[in-house]
Peer 1: 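Structure incoming, see below.
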Amino acid sequence: MLWLYLDFPNLQLDALLAQVQGEKMPPLVILDQRSHNIVQVSAKARAVGINLNMGLGTAAALAQDLQVVPYEPKINDNKLQEIAEILYLSTSDISFFAPQGLLLRINHMLRLYGDLANYWQVIKNQLAPLKLTYHYATGHSPLAAKILAKKKWDTISDDLRLLHHNISQCQLYETDISPKTQQQLTRVGVRTIQDLFAISFADMAKRFDIGLVNYLGRLSAEFKHPIEFYHPPEIFKRYMELLFDIDNSQFLHRPLGHLLQALEQFLKLRDRLTQTLIILFYQREHEPIEWTIGSQQGEYLASRWQALIKIKLEQLRLDSAVYAINLTTGQTQIRSPDKGDLFSAKQGTLSRLQLVSLLQAKLGEKAVMSPIVNDDYRPEHAANYAPPVLLDESNHNVSHILQAMRPSFLLTPPQPLREKVSIVHGPERLNTGWWDNRTVVRDYYIARNQQGQWYWVFKEQDAVWYLHGVFS
C-alpha cells in the first residue's frame with residue numbers, strides 16, 4: 001500500500017481570501033474562541049510578526065489594523081468537501097481526516113498514470129486553481145503519511161526505505177499519541193518513533209494501554225487501518241461564509257459569482273445541467289431568505305445563471321446584513337449536445353427557453369404565459385394560455401386547425417355585421433360543442449368590404465350575420 005496525505009492548515013483563511021483576490025487586505029488571522037489563540041495566519045500577518053498559537057492581545061499590539069475572524073469548523077468541512085469533489089475526477093480512493101486533511105490511496109492509481117511522478121503532477125494541476133496552502137507526503141501507512149505531511153516534508157516517494165527512515169526520525173510530539181502517554185514514554189527513554197518501533201507489541205501491551213499498541217500497529221502498517229472512502233454527491237451544495245457582512249443586495253453578485261463558478265466546474269466535469277438553483281441568504285438578525293431560481297432549458301454556465309440572478313437581485317430587499325450564502329442545485333440531468341443545422345441562419349443569442357427564464361426572473365413565474373392550440377374547432381376555444389413549456393405531443397394533433405384559413409385578430413365577443421361585404425370564400429360549417437353544452441352551429445365565410453379589408457364572418461341558424469375576425 002502507498003498513501004498520500006494532503007494537509008491544508010489554512011482552509012478557512014484561504015476560503016475567505018479567495019473572495020477578495022487582487023484587493024489590498026489588512027493582516028488577517030483566524031481565532032479559536034475556545035483557547036483565544038490564533039490558529040491561521042495570513043502572509044501579511046506573518047510579515048508583522050504574528051505567529052500561530054499567539055494570543056489575541058499580543059497580535060493586536062503588533063498590527064493596529066488586524067482583522068480577526070472566528071474559527072468556524074463548518075467552513076473547513078465545506079472546503080475539504082470541495083477539494084475532494086475536484087480530486088475525485090483524477091483519483092478514486094479519498095478519505096477525510098478532519099479537520100484539515102485528505103488521505104489518498106494511490107497504489108491502484110499508478111497503473112492508470114504509469115508512475116508516481118505523473119500521478120502527482122495531475123493532483124497538483126487539480127489543486128493549482130484553488131490557490132490553497134497545503135503540505136503533502138507519501139507513506140507506507142495512512143498515519144505515516146499524515147505525520148510526514150504535517151511535518152511539512154513535502155516529498156513524494158515510493159521508496160519504502162526512505163519512507164521508513166523519515167518516519168522513524170519523527171519525535172513523539174509530532175504524533176497523535178496523547179500527552180499523558182508521551183510523558184510515560186519519555187520517562188523510559190522513548191523519544192522518537194524509532195524508539196517505539198524497537199519495543200515489541202507484547203512488552204508494550206504490558207506496560208502501556210492497548211490504544212498505544214493499536215496506534216503503533218497502524219503506524220507500522222502491521223495492523224489494518226479502517227478507512228471510509230468518499231463518494232461524491234449527485235447534487236452541488238456549497239456554503240460560503242462572507243469575509244464582510246453585506247447589507248446592500250447589489251453587492252451580493254460577487255460572492256455569488258464565486259459559487260456559480262464552482263457550480264459550473266461541478267456540472268461541466270460531469271457533463272450535466274440543472275434547471276433549478278436554491279439560494280439561502282443568511283442574515284444576522286433575521287431568518288434566512290430562500291430563493292428558487294429556475295431555467296426552463298437547464299444550464300451549467302455561470303454566465304447564464306448570473307444573468308438570471310442579476311435580475312432577481314434588483315428585487316431583493318434585505319432585512320439585515322448577509323453573513324453567509326448557501327447554494328444548492330435541484331436534480332441534475334445529462335447535457336445533450338446542441339443540435340444545430342450547419343446551414344441554418346443564426347436566430348439570436350438566446351433560445352426560446354432562455355428568454356422565458358429571463359422573463360420569469362424579471363416578472364415572476366405566473367406572469368409569463370405561452371399561447372397553445374387546443375383540439376377544438378370552435379374559434380373561442382381553439383387557443384388558450386399555459387405555462388411556457390415546450391408543447392407536448394397532444395398539441396401536434398391539431399394540424400387541421402392550423403391549416404385552416406383563420407384570421408390573425410379575433411373579436412371577443414363577435415360583433416354584428418353592420419356593413420356591406422362581398423363573399424369570397426365559403427361556407428365552412430361548424431357544428432360542434434355538444435359535449436359541453438356550448439353547441440356552435442355556424443356557417444363561416446371569408447368576405448371583403450368596400451375598403452378592401454378581409455373579414456371572417458359567420459351566419460347563425462337565425463340568419464343573423466356576425467363579424468368574428470379580421471385578416472392581417
Peer 1: Stepwise, does the salt bridge (charged side-chain N to carboxylate O under 4.0 Å, His left out) test hold for Asp443 with Lys459?
Peer 2: CA-CA 5 Å; Asp443 290 333; Lys459 180 179 65 173; 5.3 Å; no
Peer 1: Assess whether atom CZ of Arg429 is packed by more than 12 heavy atoms of other residues, nucleotides or ligands within 6.0 Å.
Peer 2: no
Peer 1: Please step through side chain to side chain contact (heavy atoms under 4.5 Å, CB included) for the pair Thr133 and Leu11, ending with a clear verdict.
Peer 2: CA-CA 8 Å; Thr133 302; Leu11 278 176; over 6 Å; no
Peer 1: Would you name the heavy atoms of Ala137 and Ala149 that are closest together and state the gap between them?
Peer 2: CB-N, 3.5 Å
Peer 1: Output the distance between atom OG1 (Thr138) and atom CG (Leu148), rounded to the nearest 0.5 Å.
Peer 2: 7.5 Å
Peer 1: Quick check: do Trp454 and Val470 have side-chain heavy atoms less than 4.5 Å from each other?
Peer 2: no
Peer 1: Evaluate side chain to side chain contact (heavy atoms under 4.5 Å, CB included) for Thr91 paired with Leu4, printing each intermediate quantity in order.
Peer 2: CA-CA 11 Å; Thr91 188; Leu4 170 63; over 6 Å; no
Peer 1: Would you mind reporting whether Lys152 and Tyr136 have side-chain heavy atoms less than 4.5 Å apart?
Peer 2: no
Peer 1: Between Asn326 and Thr328, is any side-chain donor less than 3.5 angstrom from a side-chain acceptor?
Peer 2: yes
Peer 1: Of Asn10, Asp154, Leu127, which is the lone residue that meets side chain to side chain contact (heavy atoms under 4.5 Å, CB included) with Tyr134?
Peer 2: Leu127
Peer 1: With a 6.0 Å cut-off (strictly less than), is the heavy-atom count around CD of Glu228, excluding the residue itself, greater than 12?
Peer 2: no
Peer 1: Taking side chain as C-beta onward, heavy atoms only, is Leu52 less than 4.5 Å from Val41?
Peer 2: yes
Peer 1: Distance check, rounded to the nearest 0.5 Å: Gln100 atom CD versus Leu6 atom CG?
Peer 2: 12.0 Å
Peer 1: State, to 0.1 Å, how close His140 and Leu163 come at their nearest heavy-atom pair, and which atoms those are.
Peer 2: N-CD1, 4.1 Å
Peer 1: Within the supplied structure, the quantity of interest is the number of heavy atoms (other residues, nucleotides, ligands) at a distance under 6.0 Å from Asp462 CG; does it exceed 12?
Peer 2: yes
Peer 1: Is there a side-chain contact between Glu460 and Val441 in this structure, where contact means two heavy atoms from C-beta onward sitting under 4.5 Å apart?
Peer 2: no
Peer 1: Which heavy atom of Thr276 sits nearest to which heavy atom of Trp305, and what is that distance?
Peer 2: N-CH2, 4.2 Å
Peer 1: Which distance, rounded to the nearest 0.5 Å, do you find between the CD of Gln40 and the CG of Asp32?
Peer 2: 10.0 Å
Peer 1: Test your reading of the model: is there a side-chain donor-acceptor pair from Ser303 to the backbone of Leu301, 3.5 Å cut-off?
Peer 2: no
Peer 1: Decide if the gap between the ring center of Trp120 and the ring center of Tyr113 is smaller than 6.0 angstrom.
Peer 2: no
Peer 1: Looking at Gln265, Arg238, Arg270, which one forms a side chain to side chain donor-acceptor pair (under 3.5 Å) with Glu85?
Peer 2: Arg238
Peer 1: Does a side-chain heavy-atom distance below 4.5 Å link Phe236 with Leu327?
Peer 2: yes
Peer 1: Short question: side chain of Ser320, backbone of Glu285 - any donor-acceptor pair under 3.5 Å?
Peer 2: yes
Peer 1: Would you say the side chain of Leu411 lies within less than 4.5 Å of the side chain of Leu467, judging by non-hydrogen atoms?
Peer 2: yes
Peer 1: Compute the centroid of each ring, for Phe97 and then for Tyr5, and state whether the two points are separated by less than 6.0 Å.
Peer 2: yes
Peer 1: State the CG-CD distance between Asp14 and Gln19, to the nearest 0.5 angstrom.
Peer 2: 12.0 Å
Peer 1: Could you check whether any side-chain heavy atom of Leu263 comes within less than 4.5 Å of a side-chain heavy atom of Thr329, counting everything from C-beta outward?
Peer 2: yes
Peer 1: Within the structure provided, determine whether Tyr71 and Gln12 are in side-chain contact (heavy-atom separation under 4.5 Å).
Peer 2: yes
Peer 1: Show your working on ring pair (Phe, Tyr, Trp, His ring centres under 6.0 Å) between Tyr455 and Phe471 and close with a plain yes or no.
Peer 2: CA-CA 6 Å; Tyr455 288 166; Phe471 289 90; 9.3 Å; no
Peer 1: For Tyr239, does the six-membered ring have the charged nitrogen or CZ of Lys74 within the cation-pi criterion, i.e. under 6.0 angstrom from the centroid and within 45° of the normal?
Peer 2: yes
Peer 1: Under 4.0 Å between a side-chain nitrogen and a carboxylate oxygen: does that hold for Lys146 and Asp176?
Peer 2: yes
Peer 1: Closest approach of His258 and Ala18, non-hydrogen atoms and distance?
Peer 2: CE1-O, 3.4 Å
Peer 1: Output yes when a side-chain donor or acceptor of Gln250 lies under 3.5 Å from a complementary backbone atom of Leu313, and no otherwise.
Peer 2: yes
Peer 1: Under the criterion side chain to side chain contact (heavy atoms under 4.5 Å, CB included), I'd like the reasoning laid out for Leu132 against Lys79: C-alpha separation, chi angles, the key distance, then a yes or no.
Peer 2: CA-CA 10 Å; Leu132 297 168; Lys79 199 64 180 179; 3.9 Å; yes
Peer 1: Pick from Val322, Leu318, Leu280: which one makes a side chain to side chain contact (heavy atoms under 4.5 Å, CB included) with Ile289?
Peer 2: Leu318
Peer 1: Rounded to the nearest 0.5 Å, how far does CG of Leu277 lie from CH2 of Trp291?
Peer 2: 11.0 Å
Peer 1: Indicate the ring-plane relationship of Tyr466 and Phe458, choosing parallel, tilted or perpendicular according to the 30° and 60° boundaries.
Peer 2: parallel
Peer 1: May I ask you to establish whether Arg304 and Tyr300 are in a cation-pi arrangement, using a distance under 6.0 Å from NZ or CZ to the six-membered ring centre and at most 45° from the ring axis?
Peer 2: no
Peer 1: Looking only at atom types and distance, does a side-chain atom of Gln415 sit under 3.5 Å from a main-chain N or O of Pro413, one as donor and one as acceptor?
Peer 2: yes
Peer 1: Is there a side chain to side chain contact (heavy atoms under 4.5 Å, CB included) between Glu234 and Thr332? Walk through the geometry before answering.
Peer 2: CA-CA 8 Å; Glu234 296 183 1; Thr332 60; 5.6 Å; no
Peer 1: Indicate yes or no for a side-chain donor-acceptor contact from Gln331 to the backbone of Thr274 under 3.5 Å, with no hydrogens or angles considered.
Peer 2: no
Peer 1: Strictly by modelled atom types, are Gln126 and Ser90 linked by a side-chain donor-acceptor pair under 3.5 Å?
Peer 2: yes
Peer 1: For a quick test of reading the model, state the closest non-hydrogen atom pair linking Asp65 to Pro26 and the distance between them.
Peer 2: O-CB, 3.3 Å
Peer 1: Whether the Asn125 and Gln121 side chains hold a donor-acceptor pair (N or O, under 3.5 Å, no angle test) is what I'd like checked.
Peer 2: yes
Peer 1: Of the non-hydrogen atoms in Glu241 and Leu16, which two are nearest, and what is the gap between them?
Peer 2: O-CD2, 3.5 Å
Peer 1: Got a second to check how far Leu102's CG is from Ile94's CD1, nearest 0.5 Å?
Peer 2: 7.0 Å
